[in-house]
Amino acid sequence: MSIEALTLLFFGALLFFLVLGLPLTFVLGGVSVVFLYFTWGFDSFFMVASQIWSTMESFTLVAIPLFVYMAMILERTGVANDLYRMMHLWWGGVRGGLAIGTLGICALFAAMCGISGAAVVAMGTIALPSMLERGYDKNMALGCINTGGGWGILIPPSILMILYSLITGVSVGKMFAAGILPGILLMVLTTAYIIIRCYFQPHLAPALPPEERATWPEKFRALRAVILPIAIVVMVLGSIIAGITTPTEAAAVGVFGALISAAVYRRFTWALLHDAAIRTFKLTGMIMWILFAAHAFSAAYQSMGAQELIEGLMQMIPGGPWGIVLSMMLIVFLLAMVLDPVGIMLITLPVFIPIVESLGFDPIWFGILFVINMEIGYMTPPFGFNLFYLKGVVPPSITMQDIYKSIIPFVLVQVVGMGIIMVFPDIATYLPELFF
Amino acid sequence: SAADKFVWKVQSHWPGSSSSYTDSLERIKRIIEEGSDGRMELKLYEAGALFKAKQTFDAVSRGILEMGTISPAYAQDKMTLAGIASGLPFAFRNVWEAAYFHQGLGFEKMLREEAAQYGVYWATDKVYPTEMVVKKPINSWDDFSSLKIRSSGALQKFLTEAGAAASYVPGSELYPALDSGVVDGAHWGAAQGAYSMGLYEVAKYHVKPALNIAGTDVIIVSQKALDKLPKDLQDLVKQTLEEEFWFRTNEYQYKERLTLAKAIKEDGVKVNTMPKEVQDRLVKTAQKMWAEEGERSDRAKKALDMLKGYLTDLGYL
Amino acid sequence: MLTAFMNGVTRLNDLVGRWVSLLVFAMFVCLLLEVGFRYLLNSPTVWTNELTQMLFGVYAIMSGGYIMAHRGHVNVDLLYSHLGPRTQACVDIFTSSMFFIFTLALFYFGYEMASESVASFETTYSAWNPPIWPVKVAIPLGTGLLILQGVVKLLQDIAIALNLDYYKPEANTTGEHS
Ligand code: NA
Ligand code: NA
């Protein structure tokens, strides 16, 4: 069977079982096994077990349970709630103030963590209940967490950028530097979107009624709530920047900070710690089982000849250099709907990069576009990992449909950001040229 | 006809940007495909695409994959010779010595015999040195023993026993760890490896001499797949792999020098030769560790004795 | 009898989950120790990072059954949530084929991998060189627990589909979504 037909069947089967409500991990795993059987034979199931084994051995993923645990403790001790109360008191008059504050926290999280799953789950735990409690529209709250949570792979450190460098041979340092300004750009654009939208539709993110707004002494007293979170951020970021820890180890420093916070809040009890540990286990396990199956799925797709499909597609593309780059972005966008980023990179980059370079484009600039695209792919319906991670933390009253709907305007904003970087490559290339 | 065409899946342990992916693997692909008049086709997969490095030996052994590339260290659990193959620290001083040990004295043959027990045809891709890059130069024993070095496997044990603080950092975190100073030094192959990982951007001293010189890259072929080929194609594969060793060992040395020259010119890298005092102490520690590798099996003992005899002949012991 | 089996499996997964969830502490302590040893004492250990990685592997693979028992594996509920309970049960019985294909394949090859590893008392051959077989054993173990919970789910679905009224669904919604 041709790879084109296989691709249609493969992804068709995926969507079919997904719509029937089978959990994602079993859809990915089951479809991989069935297709491996027909294309490669029984023995190839060893590959599924082998992919799962190597995912279990991936050291950088250890950051997930630790960052999630940190968030769980902060939520349970009330630190998170106090933080949002403080933001509300200070920015009570600004429509959408909490959403903007959430984006800021997301960006800090992104600077502490090189992967995206942990941030989405952690922010879903901390930020979502706080915003809903204060009358925020659920689409607004979900959308901004989903967007900000994905920045972890764009703002350094970033495991995906390191992988991009390994596959393409560009400098890791330059990639890291190149991610900073685009990260800020996306933050500014998303913030602007929230301000404008909430200005015209105040019910989405209500300001605090004037009579409830705090007096200055109250505001300053509330400021105490940021001391602990800021201390944690300083500890985590500081230990990475000062060369005390690797990014993964920094996650343990974050847990340490959260435990100190629990003690300060006099909530340092076994019951709380175990409860937080169990919720962490459930969420991390959910992410890990999705990753297990996702890695098996993309390995299965590669064994069927995914790369030949991409090579074939590239030969059919008309429209000069820009047409080619846009088509590449479209292909990545589509693949990001159904494959994990590592798989997408292994399939597409070896085909794309020689073409990009021969057209005279900067591979660093292309890498930034690629990473943003990947981050958008995380949040685009029907199939984005961030969506599923978020679904794992939200209360049952929020359905997948809500999450899908919430994403649309935010995706458009990110696409606009990507367009701006396409047109003004300096946003990506300025810092790396300055530093190196 | 199409029925006579043999399509092999080949899983690499090199990422696509690695020079060996092109120079070793694509070279083999080209020669075999041309030499077979298109009766064979090799489909190459980048590191991790189908199987991760540590599982490739198993996959080839089971015949799921027809061919793969590994480092001997990934087959440690099966191959008792793997420790010696992936390099005893401070044994050889020149690349040609390691090459002759493999092909002239018969170490390669011993490896091939041991791998055959698992249905694997073993062919060393090349021998080359493993060298460190560090952020501050090593000019004394104190300089060395105060280093925090990113290492792995046998060399991590060696460096620790020698007195440095060696820790394992996964490849994906190596650059930021070296950049921020979590570690002050690392080894990732030699010059080409360090260059491909961008390590010269953050560590400006290339340390000589090599920590070891060994057959760190290996091509493995499933015996089952090999047996399915007609005789002429079997010969073609084996002969291609045999030539590969000599060609690549030589070419790799050339590219090492080229890369180092480039790093010196573009990144301001300096070659840091460890003082004799440091070298002597390292050699002493190393020799104590060799004995352990000989204890793994009779085969390993025989190989170690052969190695010691060889080094004695060369006047090093 | 069948109900006893179903409740037993769910309780077993619950118990395993409550204990394995504590591994997050162990990972935290290991990493913090490593930072302390390396930064404060300048003597990094050979074992902390590797032990953390091994604990994490066990932690992740053992979670499958517990999460299944608590309906924590996410799905797409677009169409599904509009179906009645009996239709849902019928659909689940159909889609469970995929579940069993995946998990049984994983169990079979995980078992093979683990028994090979146990037979040779496989170690990691790192500088620390600890035994790796206990972690590999966790693959068939964790998958086995997941499969058992999948059987429980299938039995429940069959009961609902056939309108057997002895079935009480509270066994799998214990105290989540707090
Ligand atoms: Na990041
Ligand atoms: Na998507």
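Quick caveat, the model's predicted, so the values are computed rather than measured. Computed over heavy atoms, backbone and side chain alike; hydrogens, waters and symmetry mates excluded. Residue numbers begin at 1 in each chain, while the letters A, B, ... track the order of the sequences.
Of the atoms belonging to Glu161(B), not a single heavy atom falls under 4.5 Å from chain C. In this structure, the portion of Asn49(C) lying under 4.5 Å from any heavy atom of chain B is its side chain and not its backbone. Looking at Lys78(B), the atoms closer than 4.5 Å to chain C (heavy atoms on both sides) all sit in the side chain, from C-beta outward. Contacts between Val183(B) and chain C at a heavy-atom distance below 4.5 Å are absent for every atom of the residue. Only the backbone of Ser126(C) comes within contact range of chain B, with heavy atoms under 4.5 Å apart. If you measure heavy-atom distances from Ala164(B) to chain C, you find no contacts under 4.5 Å at all.
Atom OH of Tyr125(C) is separated from atom NZ of Lys157(B) by 11.0 Å, given to the nearest 0.5 angstrom.
Residue-environment remark: OH (Tyr111(C)) stays at or below the threshold of 12 foreign heavy atoms within 6.0 Å. At most 12 heavy atoms of other shown residues, nucleotides or ligands fall within 6.0 angstrom of atom CZ in Arg11(C). In Tyr108(C), the OH atom is not crowded: 12 or fewer heavy atoms of neighbouring residues, nucleotides or ligands sit closer than 6.0 Å. Heavy-atom contacts from other residues, nucleotides or ligands closer than 6.0 Å to NZ of Lys54(B) number 12 or fewer. The number of heavy atoms from other shown groups lying within 6.0 Å of NZ (Lys135(B)) is above 12. The 12-atom threshold is exceeded at OH of Tyr118(B), counting heavy atoms of other residues, nucleotides or ligands nearer than 6.0 Å.
By the 4.0 Å N-to-carboxylate-O rule, Arg62(B) lies close enough to Glu116(C) to be salt-bridged with it.
Taking every heavy atom of both residues into account, Asn42(C) and Ser146(B) meet most closely at ND2-O, 3.9 Å. For Ser167(B) against Glu34(C), the heavy-atom pair with the smallest separation is CB-OE2, 4.0 Å.
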Does the pair Gln156(B) and Val46(C) meet the rule for a side-chain contact (heavy atoms from CB on, under 4.5 Å), with working shown? CA-CA 8 Å; Gln156(B) 186 186 350; Val46(C) 294; 3.9 Å; yes

